[in-house]
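Since the structure comes first, as structure tokens, the remarks are kept for the end.
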2 protein chains.
Amino acid sequence: MNKRQQTRKDNQQRILQAAEEEFGLHGFKGTTIQNVADRAGLPKANVVYYFSNKVNLYTAVLGRITRSWNDVFNRATAEDDPAEVLDHFIRAKIEQSVLNPRASRIFAMEIIQGAPHHKDYLRQYLRNWVRDRATVIEQWIAEGRMHPVDPVQLIFMIWATTQHYADFETQVLTVMNRGEYEAQDIDHIGDCVSTIILRGCGLEPPARSGQADQAPARP
Amino acid sequence: MNKRQQTRKDNQQRILQAAEEEFGLHGFKGTTIQNVADRAGLPKANVVYYFSNKVNLYTAVLGRITRSWNDVFNRATAEDDPAEVLDHFIRAKIEQSVLNPRASRIFAMEIIQGAPHHKDYLRQYLRNWVRDRATVIEQWIAEGRMHPVDPVQLIFMIWATTQHYADFETQVLTVMNRGEYEAQDIDHIGDCVSTIILRGCGLEPPARSGQADQAPARP
DNA sequence: GGCCAATATAACCGCATGGTCAGACTTTGC
DNA sequence: GCAAAGTCTGACCATGCGGTTATATTGGCC
């Protein structure tokens with residue numbers, strides 16, 4: 001590869017990374033190009049050189065985030081076992097939330113504000129994604145493999161509960177009087193959420209190594 | 001009452017109302033004192049006269065919001081029926097979310113940012129509230145009236161799912177291809193969420209007038 | 001009525017911000 | 001080697017912001 005193309009790619013990547021951190025920390029309005037530039041170790045004008053303006057940089061960050069989501073549930077078909085699929089989906093999303101809450105928070109702030117820069121994603125991509133996934137769930141229900149529930153609300157519920165641990169991290173940790181999440185938390189939270197939702201859908205939670213229905217994780 | 005005291009109270013109230021709307025629309029950083037003043041129909045300097053500065057105004061709004069929350073679950077004791085209590089709590093929160101999403105959104109943005117202006121509320125009030133409510137749930141479990149679940153995570157789950165309809169209103173409506181919530185949505189969503197969570201806790205949902213397990217609300 | 005405190009508001013200030021620009025420097029293709 | 005294209009950056013600008021101040025107006029109270 002060209003040296004030009006190389007540094008171009010490198011710098012853009014560094015800027016995007018820095019921007020994601022800043023936007024995640026301070027939101028769109030609260031983030032300044034200068035902050036991003038400082039974090040990326042570049043002069044401000046250079047950031048503008050690559051991304052023209054703030055909105056453009058922001059939408060680039062937003063796009064990078066949403067492009068890599070919901071993968072887990074994507075491959076599931078009506079032939080798969082609903083309990084397995086949902087359990088796996090829930091746990092994957094919780095792991096994402098705990099390990100990289102920043103991405104979830106940026107997205108959350110965008111939606112709370114009314115998705116001023118990302119409406120197309122909702123209208124075009126996400127709506128169809130939900131409908132598509134809903135048909136799979138409907139098939140499971142039609143075959144009597146799970147209780148009848150509104151599939152769309154079920155998806156909302158899974159999103160809400162799992163992303164809560166990222167978006168409301170401060171509240172969760174403060175209420176639990178913890179400094180930060182630990183590895184075991186991923187399992188414990190996954191157990192709790194998965195158990196309730198699956199049971200709520202009339203599904204038996206798949207067998208797991210440790211059982212953790214009741215005990216809250218206390219280090 | 002004094003005419004002075006009266007106008008004072010009136011103006012403060014008008015400013016708070018306007019501020020809540022602006023903060024709900026644009027967040028803390030995105031809201032300007034000028035916007036608030038315009039919406040309240042007062043000159044900017046007058047807003048500053050009453051609230052000294054922007055942070056002060058913001059925390060006043062925040063305080064007004066949180067002070068009026070979680071009432072429903074407050075009065076429940078271990079003697080009550082868990083299914084009734086949880087069902088009622090879930091439905092009340094969903095109704096709040098649908099009817100006044102703004103308050104929820106302001107609070108959500110504050111927490112997502114790490115609660116920079118409202119940490120005390122989390123540490124002092126909310127943590128104890130959760131612990132207190134958790135003991136009630138634990139008693140229900142000890143008496144075998146519901147499945148063993150981590151009470152704290154259950155509370156998080158109820159918060160997350162119910163507030164989702166306020167905070168992510170845009171996403172929910174867009175995915176469902178609706179313009180705005182309608183009265184019947186409150187019931188339908190309430191049915192779905194309550195059913196799954198209660199069943200997930202091993203509880204039988206209390207009898208309701210209409211049954212709406214499956215059918216998605218389509219106008 | 002007359003004095004004082006409370007209320008109201010226009011004009012102003014300093015500062016940070018998004019974005020521009022001219023020009024220096026570097027790489028590429030020939 | 002050299003010109004063209006691409007990259008980099010300090011200096012600059014206009015704007016909008018939070019907050020102050022000086023001054024005018026109003027209402028309470030004797």
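Numbers restart at 1 for each chain; the letters A, B, ... are given by sequence-line order, proteins then strands.
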Between [X] ([atom1]) and [N] ([atom2]), how many Å, whole number?
X       : N      : atom1 : atom2 : value
A/Asp38 : D/dT9  : CG    : P     : 13 Å
A/Lys54 : C/dA16 : NZ    : P     : 16 Å
B/Tyr50 : C/dT7  : OH    : C1'   : 6 Å
B/Gln5  : C/dA6  : CD    : P     : 12 Å
A/Gln6  : C/dT28 : CD    : P     : 11 Å
B/Arg8  : D/dT26 : CZ    : C1'   : 15 Å
A/Lys44 : C/dG18 : NZ    : P     : 7 Å
A/Asp10 : D/dT7  : CG    : C1'   : 14 Å

State which of [options] makes the closest approach to the side chain of [X].
X       : options                : result
B/Tyr49 : C/dA5, C/dT9, D/dT7    : C/dT9
A/Ala45 : D/dG19, D/dG10, D/dC17 : D/dG10
B/Arg4  : C/dA5, D/dT20, D/dT7   : C/dA5
A/Ile33 : D/dG28, C/dG18, C/dT9  : C/dG18
B/Asn2  : C/dT26, D/dG19, D/dG28 : D/dG28

Mind checking whether A/Phe23 and A/Phe28 have parallel, tilted or perpendicular rings, split at 30° and 60°? parallel
Whether B/Trp129 and B/Phe73 hold their rings parallel, tilted or perpendicular, with breakpoints at 30° and 60°: perpendicular
Residue among B/Thr161, B/Val193, B/Ile189 satisfying side-chain contact (heavy atoms from CB on, under 4.5 Å) with B/Ile90: B/Val193
Phosphate OP1/OP2 of C/dA10: any B/Asn46 side-chain N/O under 4.0 Å: no
For C/dA16, does OP1 or OP2 lie under 4.0 Å from any side-chain N or O of A/Asn35? no
Residue mapping more 5' on DNA chain D - nearest nucleotide basis, B/Lys29 or A/Leu42: A/Leu42
Looking for any heavy atom pair under 4.0 Å, which part of the strands does B/Asn53 touch: base, sugar-phosphate only, or nothing? sugar-phosphate
Heavy atoms of other groups near B/Glu180 CD, more than 12 under 6.0 Å: no
Nearest heavy-atom pair of B/Ile15 and B/Asn46: which atoms, and what distance? CD1-O, 4.5 Å
